[in-house]
Amino acid sequence: MDEKWQRPRGTQDILPADAARVERLRRLVSSVAALYGYGAIETPVFEQTAVFVDGVGDGTDIVQHERYSFVDSGGVALTLRPEGTAAVARAYVEHGLSAWPKPVRLYYWAPMFRRERPQKGRYRQHQQYGFELYGSPEPSADAEVLLVARRLLERVGLTPQVLVNSIGCDVCRPGYRAALVSYFQERWADLCEDCRRRATENPLRVLDCKQDRDVARGAPDIADFWCAACRAHQDAVMALVADQGLAVVREPSLVRGLDYYYRTVFEVHDPSLGAQSTVLGGGRYDGLTARVGGAPVPAVGFAGGVERLLMAAGSAVAEDPVPRAYVAQVGPGRAAWRVGEMLRDAGIPTEVDLMARSLKAQMKEAGRRAVVVVLAGGQEWEAGRVGLKRLTDGREAEAPLVDLTETVRAWLDEHER
RNA sequence: GUGGAUGUAGCUCAGUUGGUUAGAGCGCCAGGUUGUGGCCCUGGAGGCCGGGGGUUCAAGUCCCCUCAUUCACCCCA
């Protein structure tokens, strides 16, 4: 195949069978959203570059190395959306949603773009769903969002292992950061190359290094540095979810890579996904609206990868089987053509031959994609009757045309059970 | 961006130490008496062996480059 015509690296074509699973998951997400009162929001696929650079943080990998950015013919700097939260925050500010009765609950489902090296569960274009809860600084807001995540995962058949941490606030994080830096300076010789870089750029991230486990384990725990307010917040969130039977585990090394997080952060992993095991991740981001031109508004939320969730879900999110009817033309004429539209008038998914096939070939085709075959044409047709056959059990009958839709529906219903 | 593995039919894969017209299974199409699928039988279509260059009398097989896929690092959904 000429590589000129291959899809771009890290993108995917989703064929009908998989598209049906995606569609099914999408309905599931919106049903959970409805259950908790989250309204859908859609934002553009691209934004002015500053929305992500300032919103997500210009030190983060997704804005530093992974941006799909371009300047349009009018000279405007634009970027394909790499994540949803900053874009929603921009829309929240732009449309004055801070004037809406609080809290404001929003969810989205949208394609995201990051120029990374593709691997299992990681694509340059992928889809994310996300939930955003604006307006409440209370621990109950963090807890609700965690409960939404749990319900969603349970609906797709997973039992989530939720990892939680608090990365503190402006009061306590600087102290922790300083303690970490001096700890790493003492062990500089034990750090891997990547960690030395990280130790200066973003010391918190050395914690989840995969090589220097020992160094990370011996590092000071942020829990010992939390201010009273952060500690109380974290304790309350943990208590609230535990109250609802959601077991969460505090993971001291959990830090997340986006700059807007504040206090609560959490992730859900699934080991079946390999190295890219994060099914969903999120946290609190009270300062984000201020980064995109608004007043600060407290907010919490999370986002999850559609492809990863589908991989982890396996057959739990299966394609909906659609029981179909197939109308075969017997002999010459257009009987099948007419019966087809008749069945569709009644809302029954129906196919009719378009290949000028023999009856045998039509039957074969029906066997592949239908449950009930209607045989239209010939002498019965002249007498106002058609033949019926159910492929699943071989049942056959003849019916007057006037009763046809009723009979087909009954046969399909019986098959369903 | 770094490292490893892999690219042969629509799909899953054989293809010997380089040696004639590159194979199988599944799938697809047609037929096995005029109007009844699945099973079975017969036949058929479908491959610049990812692309380019090189070594050789000879390359799907060996070498180099490139593209893609994949796994891991990095990072994250």
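Note that the structure is a prediction, hence the values are computed from the model and not measured. Chain identifiers are assigned alphabetically (A, B, ...) following the order of the sequence lines, protein sequences preceding nucleic acid strands; residue numbering begins at 1 within each chain. These values consider heavy atoms only, across backbone and side chains, with no hydrogens, waters or symmetry-generated copies.
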Exercise. What integer number of Å spans the C1' atoms of B:rU6 and B:rG44?
Worked result: 33 Å
For this session: Answer whether the closest heavy-atom distance between the side chains of A:R114 and A:R67 falls below 4.5 Å.
Result: no
For this session: Looking at every strand, decide which applies to A:G281 at a 4.0 Å heavy-atom threshold: base, sugar-phosphate, or nothing.
Result: sugar-phosphate
Exercise. Counting only Watson-Crick or G-U wobble pairs whose two distances fall under 3.5 Å, which nucleotide matches B:rA14?
Worked result: none
Exercise. Has the side chain of A:K364 got a donor or acceptor atom sitting under 3.5 Å from an opposite partner on the base of B:rG38?
Worked result: no
For this session: With heavy atoms under 4.0 Å as the rule, sort A:V279 into base, sugar-phosphate or nothing.
Result: sugar-phosphate
For this session: Look at all strands and tell whether A:R114 reaches a base, only sugar-phosphate, or nothing, counting heavy atoms closer than 4.0 Å.
Result: base
Exercise. How many angstroms lie between atom CG of A:L207 and atom CD1 of A:I222, to the nearest 0.5 angstrom?
Worked result: 8.5 Å
Problem set entry | Integer angstrom distance from the P of B:rU42 to that of B:rG38 | 16 Å
Exercise. Less than 6.0 Å separating the ring centroids of A:Y129 and A:Y108?
Worked result: no
Exercise. What integer number of Å spans the C1' atoms of B:rA77 and B:rG60?
Worked result: 40 Å
For this session: Kindly say whether, by distance alone, the side chain of A:R198 makes a donor-acceptor pair under 3.5 Å with the base of B:rC75?
Result: no
Exercise. Taking atom types as they are modelled, is there a donor-acceptor pair under 3.5 Å from the base of B:rG3 to the side chain of A:R117?
Worked result: yes
Problem set entry | Watson-Crick or G-U wobble partner of B:rA9, both distances under 3.5 Å | none
For this session: For A:D393 and for A:S358, locate the closest nucleotide of RNA chain B by heavy-atom distance; then report the residue assigned to the nucleotide nearer the 5' terminus.
Result: A:S358
Exercise. Any N or O donor-acceptor pair linking the side chain of A:R308 to the base of B:rC76 at under 3.5 Å?
Worked result: yes
Exercise. If the P atom of B:rA72 is compared with that of B:rG52, how far apart are they to the nearest Å?
Worked result: 32 Å
Exercise. How far does the P atom of B:rA58 sit from the matching atom of B:rG15, given to the nearest Å?
Worked result: 26 Å
Exercise. So what does A:K120 touch, heavy atoms closer than 4.0 Å: a base, only the sugar-phosphate, or nothing?
Worked result: sugar-phosphate
Exercise. Once you round it to whole Å, what is the distance between P of B:rC75 and CE of A:M112?
Worked result: 21 Å
For this session: For B:rA14 and B:rC41, measure between their P atoms and round to the nearest Å.
Result: 25 Å
Exercise. Using a cut-off of less than 4.0 Å, is there contact between a side-chain N or O of A:R256 and OP1 or OP2 of B:rC75?
Worked result: no
For this session: Anything under 30° is parallel, anything over 60° is perpendicular, the rest tilted; go ahead and classify A:F113 against A:Y68.
Result: perpendicular
Exercise. Under 4.0 angstrom, heavy atoms only, what part of the nucleic acid is A:R369 near: base, sugar-phosphate, or nothing?
Worked result: nothing
Exercise. Base, sugar-phosphate, or nothing for A:Q362, non-hydrogen atoms under 4.0 angstrom?
Worked result: nothing
For this session: Using a heavy-atom cut-off of under 4.0 Å over every strand shown, decide if A:Q64 touches base, sugar-phosphate, or nothing.
Result: nothing
Problem set entry | Rounded interatomic separation in angstrom, taking NE2 from A:H65 and P from B:rC73 | 17 Å
For this session: Quickly work out the A:R205 CZ to B:rC74 C1' distance and round it to whole Å.
Result: 10 Å
Exercise. Over how many whole Å does the gap from A:E66 atom CD to B:rU2 atom C1' extend?
Worked result: 15 Å
For this session: For B:rG10 and B:rA5, measure between their C1' atoms and round to the nearest Å.
Result: 25 Å
Exercise. When we call it a touch if two heavy atoms are under 4.0 Å apart, what does A:A303 touch: a base, just sugar-phosphate, or nothing?
Worked result: sugar-phosphate
Exercise. Across the strands shown, which category fits A:G84 at heavy-atom distances under 4.0 angstrom: base, sugar-phosphate, nothing?
Worked result: nothing
For this session: May I ask you to say what A:Y123 touches in the nucleic acid, namely base, sugar-phosphate or nothing, with a heavy-atom cut-off under 4.0 Å?
Result: base
Problem set entry | Between B:rU16 and B:rU61 - P atom distance, rounded Å | 11 Å
Exercise. Can you find a heavy atom in the side chain of A:F266 that is under 4.5 Å from one in the side chain of A:T264?
Worked result: yes
Exercise. In Watson-Crick or G-U wobble terms, both distances under 3.5 Å, what is the partner of B:rU70?
Worked result: B:rG4
For this session: Kindly point out which of B:rC76, B:rG35, B:rU36 is positioned nearest to the side chain of A:Q276?
Result: B:rC76
Exercise. Between A:H269 (NE2) and B:rC76 (P), how many Å, whole number?
Worked result: 11 Å
For this session: Just compare B:rC28, B:rA77, B:rC73 and give me whichever is closest to any side-chain atom of A:A275.
Result: B:rC73
For this session: Answer with yes or no whether A:R9 presents, from its side chain, a donor or acceptor under 3.5 Å of a partner atom in the base of B:rU69.
Result: no
For this session: Select from A:E380 and A:Q128 the residue whose nearest nucleotide in RNA chain B is closer to the 5' end of that strand.
Result: A:E380
For this session: Return the value, rounded to whole Å, for the distance between atom CG of A:L359 and atom C1' of B:rG31.
Result: 15 Å
For this session: Would you tell me whether A:H415 and A:D393 have side-chain atoms, one donor and one acceptor, within less than 3.5 Å of each other?
Result: no
Problem set entry | Nearest-Å distance for atom pair CD/P, residues A:Q119 and B:rU69 | 13 Å
Problem set entry | Side-chain H-bond candidate by donor/acceptor type, A:Q12 with A:Q125, under 3.5 Å | no
Exercise. What is the nucleic acid contact for A:I62, judged by heavy atoms within less than 4.0 Å: base, sugar-phosphate only, or nothing?
Worked result: nothing
Problem set entry | salt_bridge(A:R390, A:E396) N-O dist < 4.0 Å | no
Exercise. Counting only distance, no hydrogens or angles, is the base of B:rC75 paired donor-acceptor with the side chain of A:R122 under 3.5 Å?
Worked result: yes
Exercise. Heavy atoms under 4.0 Å, any strand shown: does A:L280 hit a base, just sugar-phosphate, or nothing?
Worked result: sugar-phosphate
Problem set entry | Assigned partner base of B:rC28, Watson-Crick or wobble definition, under 3.5 Å | B:rG44
For this session: Select base, sugar-phosphate, or nothing to describe what A:G274 touches, counting heavy atoms under 4.0 Å on all strands.
Result: sugar-phosphate
Problem set entry | Short N-O contact, A:E398 and A:R385, less than 4.0 angstrom | yes
Seminar exercise, completed: Under a 3.5 Å limit on both distances, the Watson-Crick or wobble mate of B:rG19 is B:rC57
For this session: Rounded off to whole Å, could you give me the CH2-to-C1' distance for the A:W5 and B:rG51 pair?
Result: 16 Å
Exercise. For the base of B:rG35, is there a side-chain donor-acceptor partner from A:Q329 under 3.5 Å away?
Worked result: no
